[in-house]
Amino acid sequence: MQIQSIKTKIVRTVGVAGAGTGTGNKRAAEQSCLSLLEACDALAKFVQLQARILKLGLQNNPLVLTKFAAVSSDLDAVDYASSFVFSSDADYRLYDAFLFNTVIRAYAQTGDLKEKALALYNAMVGYGVSPNKFTYPFVLKACAGLGRLSLGQTVHGSAVKFGFDDDAHVRNTMIHMYCCCGGGVEYARSLFDEMPKRDSVSWSAMIGGYVRLGLSTEAVELFRKMQIAGARPDEITMVSVLSACTDLGALELGKWVESYIEREGIQKNVELCNALIDMFAKCGDVEKAMKLFRNMSRKTIVSWTSVTVGLAMHGRGSEAVSLFEEMIRNGTAPDNVAFIGLLSACSHSGLVEKGKGYFSSMTKEYQIVPKIEHYGCMVDMLCRAGLVNEAMAFVRKMSIEPNPVILRTLVSACRAHGELKLGESISKSLISNEPMHESNYVLLSNIYAKMSLWEKKTKIRQIMDKKGMRKTPGSTMIELNNEIYEFVAGDKSLKQYKEVYEMVDEIAREMKRAGYVPSTTEVLLDIDEEDKEDALNRHSEKLAIAFALLYTPPGTPIRIVKNLRVCSDCHSATKFISRIYSREIVVRDRNRFHLFKDGLCSCKDFW
DNA sequence: CTAGGGTTAG
């Protein structure tokens, strides 16, 4: 069919090119070679062409090389072109910005060849070839991908020198670059603010930059400014805004964004739908996420994975498993990310045998080489099930070295299941490898607490103080009347703090009457015991719940978002509160959801 | 020949 006709065209062109050499007519040969390359686009087969270019002596011809690099996503062709640019007999006076741009673009777009793009840029500058306005976006994108701030700044300087820094594309990519390189956001923001005219790409670059850095509040704020400025967001802007909502766990805001998308008639492409699904699932409304998913006309592996992960987070492991099976029946092959979602679903729901089965089918049937994340899921799964020895054996058998994440999982399982000596020794090696990682110390300190070695425990605290390390304070977020409130333990910054503290005390009395016993013995992963003893009742979570009980209508569900894992005392207290005050309480943890209802939690105390 | 976006273990 079409391929056939292209082949014919090529054969015919090759004939002409050959004729060109025969008569010694370089010009004709060049022309023929160019049309030949044009025709080759669809076939992407360059091997014969390489030979022909050499035979015709066109390897140094910039037009031919440019074309060669441009016609295909085939990196072999690009490598071939760049090899001539770098070859010792290269006549760089022949090469222009266009040739470099073409090759740089190809490298900048790939996952791991961005270094080559930068090398070509350096070569270009070294040859004295002036970049043009197309060069900068390519190069800056590569700098962004690699986090190369200082090179990015040099490139910026060059753009200024040649007068291209006011070009909208260049400026937007510059913002993107500064956002992607550590320490550059503020500068990006100043570039953004100084722009005389901002288009939707500028706004998206800046908002997306904030989101990537975890500055979701700033992202949302900037989106508000965008509306005030009257700029029209597109679907790409909205993806970033939604992912800010996801990060914050701000369901109300997310819902508002959804209605905004509808109202403004922003095109809901697959990526935007995926972002919506992810937002609803991670903000606590899996049902809605499922509904959106079911209504999507075209689904990608990302859509399937997002719902699977969503179900997993809500402890609905067996549904996640069926969805995964449905995906396969539908003809979508799982990739390594889909398996991470699936395995973590098994892990969170205690489906140990299923998880083991999938892990082996992943490697055998799908030939996916397990990554550290897959091993991590397996270790976590075994540890949660209390199979610490099996987990240890599994880690020894792994084909990759366990990373600190896996070792910390083991340590906390050791603590929970009484393997204290083992936990202590792993913990110590963790500390010597990562002396500035706070949770390594907290884990060891918790082990000493369990061993009743109070002096050693105190000593750890002193070491941390000496190193100037501070634990991440626990905080809890809640949305109320379009406001986001954030509580930290012992917080008194809120206007109504007196009422809230009175309410906390009242709740404590009611809970005691109902049989609640404060538990200061069980400590979870990142939480230090002393803080619990100090202020169990002042935990940010309890403050937020008290606030919600005070200021939301009776009977309405309460949704809160924690930045750490919920501690076991708060967990049992929240169960009591849900029953005493007849409220559904949805808590989003650092890694999953808890739905408290009638004195029980959806996680079945397994988390 | 140019820019901004989506799923990932604890």
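Residue numbers begin at 1 in each chain, while the letters A, B, ... track the order of the sequences. Below, each value reflects all heavy atoms present in this structure, side chains not excepted, and no hydrogens, waters or symmetry copies.
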> So if I take every side-chain heavy atom of A:F138 and compare against B:dT2, B:dG4, B:dT8, which nucleotide ends up nearest?
B:dT2
> Are side-chain N/O atoms of A:N563 and A:R590 paired as donor and acceptor at under 3.5 Å?
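Checked: A:N563/A:R590 side chains show no N/O donor-acceptor pair below 3.5 Å.
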> Between A:H156 and A:Y136, is the gap from one ring center to the other below 6.0 Å?
no
> Considering every strand and a 4.0 Å limit on heavy-atom distances, what is the contact class for A:T237: base, sugar-phosphate, or nothing?
base
> To the nearest Å, give me how far apart CZ (A:R384) and P (B:dA9) are.
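Rounded to the whole Å, the gap is 12 Å.
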> Looking at the side chain of A:F134, which of B:dC1, B:dA3, B:dG6 is the nearest nucleotide?
B:dC1
> Should the side chain of A:T300 and the base of B:dG6 be counted as holding a donor-acceptor pair, with the cut-off at 3.5 Å?
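Present.
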> Can you check whether A:K562's main-chain N or O pairs, donor with acceptor, with A:R588's side chain at less than 3.5 Å?
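No, because the side chain of A:R588 does not come within donor-acceptor range (under 3.5 Å) of the backbone of A:K562.
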> For the side chain of A:V302, starting at C-beta, report the closest nucleotide among B:dA3, B:dA9, B:dT7.
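Of the options given, the side chain of A:V302 lies nearest B:dT7.
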> Please determine whether a side-chain nitrogen or oxygen atom of A:H374 lies at a distance below 4.0 Å from atom OP1 or OP2 of B:dA9.
no
> Within the structure shown, what part of the strands sits under 4.0 Å from A:T173 by heavy-atom distance: base, sugar-phosphate, or nothing?
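Sugar-phosphate contact only - A:T173 comes under 4.0 Å of backbone atoms but never of a base.
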> Between atom CZ in A:R590 and atom P in B:dT8, what is the gap in whole Å?
14 Å
> Under 4.0 Å, counting only non-hydrogen atoms across every strand here, what does A:N269 touch: a base, just sugar-phosphate, or nothing?
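Answer is base: heavy atoms of A:N269 come under 4.0 Å of a base.
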> Could you please name the option among B:dG4, B:dG5, B:dT2 that lies closest to any side-chain atom of A:K133?
B:dT2
> Once you apply a heavy-atom cut-off of 4.0 Å, does A:D380 come out as touching a base, just sugar-phosphate, or nothing?
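Sugar-phosphate only.
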> Rounded to the Å, how far apart are A:N132 CG and B:dA3 P?
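In whole Å, B:dA3 P and A:N132 CG are 13 Å from each other.
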> From the set B:dG4, B:dG6, B:dA3, return the single nucleotide nearest to any side-chain atom of A:H169.
B:dA3
> Would you check if the side chain of A:Y127 reaches a backbone N or O of A:V85 as a donor-acceptor pair within less than 3.5 Å?
yes
> Do you know which of A:E438, A:M436, A:H437 makes side-chain contact (heavy atoms from CB on, under 4.5 Å) with A:E434?
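With A:E434 as partner, side-chain contact (heavy atoms from CB on, under 4.5 Å) holds for just one option, A:H437.
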> Using whole Å, what does the distance between atom C1' of nucleotide B:dT2 and atom CE of A:M177 come to?
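In whole Å, B:dT2 C1' lies 15 Å from A:M177 CE.
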> Measure from CZ on A:R212 to C1' on B:dG5 and round the result to the nearest Å.
9 Å
> Please determine whether a side-chain nitrogen or oxygen atom of A:K282 lies at a distance below 4.0 Å from atom OP1 or OP2 of B:dT8.
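Yes.
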> Counting distance alone, no hydrogens or angles: does the base of B:dA9 have a donor or acceptor under 3.5 Å from a partner atom on the side chain of A:N403?
yes
> Please check: side-chain N/O of A:N336 versus main-chain N/O of A:F339, any donor-acceptor pairing under 3.5 Å?
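Not at all, since once roles are kept as given, no pair shorter than 3.5 Å links the two residues.
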> Within the 4.0 Å heavy-atom criterion, would you say A:S200 contacts the bases, only the backbone, or no part of the nucleic acid?
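A:S200: base contact, heavy atoms under 4.0 Å.
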> Which nucleotide in the list B:dG6, B:dG4, B:dC1 gets nearest to the side chain of A:K141?
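Closest nucleotide among those given: B:dG4.
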> How many Å lie between CG on A:D335 and P on B:dT8, as a whole number?
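Distance check: A:D335 CG to B:dT8 P gives 12 Å.
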> What is the distance from CG of A:L311 to P of B:dT7, rounded to the nearest Å?
17 Å
> To the nearest Å, how far apart are A:I372 CD1 and B:dA9 P?
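Taking CD1 of A:I372 and P of B:dA9, I get 14 Å after rounding.
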> Of the listed nucleotides (B:dT8, B:dG4, B:dG6), which one gets closest to any side-chain atom of A:V337?
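Nearest listed nucleotide: B:dT8.
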